[in-house]
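Bear in mind the structure is a predicted one, so any value in this text is a computation, not a measurement. For ligands, and for the atoms within them, numbers begin at 1 and follow the listed sequence.
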Amino acid sequence: MSRRILIAGNWKMNMRAESGASLAKGIVDAVGKSPAVEVVLCPPSVYLSGVADAVVGTPVELGAQNLYAAEDGAFTGEVNASMLTDVGCRFVILGHSERRQLMGETDACVAKKLHAALAGNLVPIVCVGETLEQREADDTESVIETQIRGSLEGLDEARAANIVIAYEPVWAIGTGKTASKEQAEAVHAFIRELLGKMFSTEVAEQIRIQYGGSVKPGNAEELLSQPNIDGALVGGASLKVDDFAGIINAAPSA
Ligand code: 13P
């Protein structure tokens with residue numbers, strides 16, 4: 001079963017209207033008309049429309065960095081799934097470790113958002129990952145299992161194939177320290193086996209599992225050529241056309 005490589009740029013809280021539009025145009029040019037991989041840009045929510053204008057009619061897709069799990073109503077400052085699809089999003093990042101750590105998001109909260117995303121026809125990119133302390137205590141697998149079971153709570157097999165998991169070890173995010181290809185592949189294989197137990201082997205084989213954490217043009221090829229690594233969720237290196245294009249071009253074609 002071949003899973004199409006998915007390269008997503010998480011701009012986090014960076015860029016401005018003009019710089020974001022020009023970054024998006026640069027990526028569109030670099031990607032061309034029929035890329036071998038799927039490419040998604042996830043700008044801050046206030047810039048989604050501007051980036052949507054830059055990528056419309058091209059293979060480059062749009063994603064948001066978060067959503068609020070409710071229908072329209074009195075939720076000051078929040079944005080829901082229907083608003084995200086309205087401005088052209090197909091994807092949404094959920095449960096990023098920065099949101100888990102800084103905004104107190106729990107697995108239960110991520111699960112609510114997951115259901116809201118799927119109900120709104122968005123593809124959720126569910127982030128999981130262990131801290132350095134947890135890795136050193138040999139707790140990586142139990143931490144990941146708890147996060148995945150909790151964040152996917154209530155998800156049925158029929159919908160499970162539509163989600164994306166991003167394994168982002170917290171200690172590798174923005175630190176320049178990447179998990180080695182062996183370390184990353186071991187966790188990805190563990191996640192796929194877990195998804196097989198939770199759903200079915202067939203569904204687990206369809207779910208894309210991205211790696212994230214200091215992915216750069218120089219390490220992308222070895223990471224993306226691992227059998228269970230189906231893409232990358234890129235932070236810092238997604239803010240420069242050359243770096244992000246370098247990662248896209250390093251992906252083995254499907
Ligand atoms: P960096 O690529 O900057 O390490 O960030 C990874 C990340 O958090 C993507 O979501």
Shortest protein heavy-atom distance from atom 2 (O) of ligand 1, along with the residue and atom involved: Gly235 N, 2.9 Å
Arg149 CZ: over 12 foreign heavy atoms closer than 6.0 Å: yes
At a 4.0 Å cut-off, with the gap strictly under it, does some heavy atom of Ala172 reach an atom of ligand 1? yes
Under 4.0 Å from a heavy atom of Glu168: give me the atoms of ligand 1 that qualify, with their elements. 6 (C), 7 (C), 8 (O), 9 (C), 10 (O)
Classify the angle between the aromatic ring planes of His188 and Tyr167 as parallel (below 30°), tilted (30 to 60°) or perpendicular (above 60°). perpendicular
Protein heavy atom at shortest distance from atom 5 (O) of ligand 1: Lys12 NZ, 3.2 Å
Which atoms of ligand 1 sit under 4.0 Å from any heavy atom of Asn10? 9 (C), 10 (O)
Check: Thr175 N/O within less than 3.5 Å of ligand 1 N/O: no
Atoms in ligand 1 with a heavy atom of Gly213 nearer than 4.0 Å: 4 (O), 6 (C)
Ser214: numbered ligand 1 atoms lying under 4.0 Å from its heavy atoms: 1 (P), 2 (O), 4 (O)
Per-atom filter on ligand 1: closer than 4.0 angstrom to a heavy atom of Gly174 are 1 (P), 3 (O), 4 (O)
If we count only N and O atoms by modelled type, under 3.5 Å, do the side chains of Ser151 and Arg100 hold a donor and an acceptor together? yes
Pair listing, salt bridge (charged side-chain N to carboxylate O under 4.0 Å, His left out) test, anchored in residues 159-178, at least two apart: none
Should you measure from each heavy atom of Gly236, which atoms of ligand 1 turn up under 4.0 Å away? 1 (P), 2 (O), 3 (O)
With distance as the sole criterion, is a donor-acceptor pair present between the side chains of Asn121 and Thr85 under 3.5 Å? no
Show me the pairs that pass ring pair (Phe, Tyr, Trp, His ring centres under 6.0 Å) and involve residues 90-139, at least two apart or across chains. none
If we ignore angles and hydrogens, is there a donor and acceptor under 3.5 Å between the side chains of Glu133 and Trp171? no
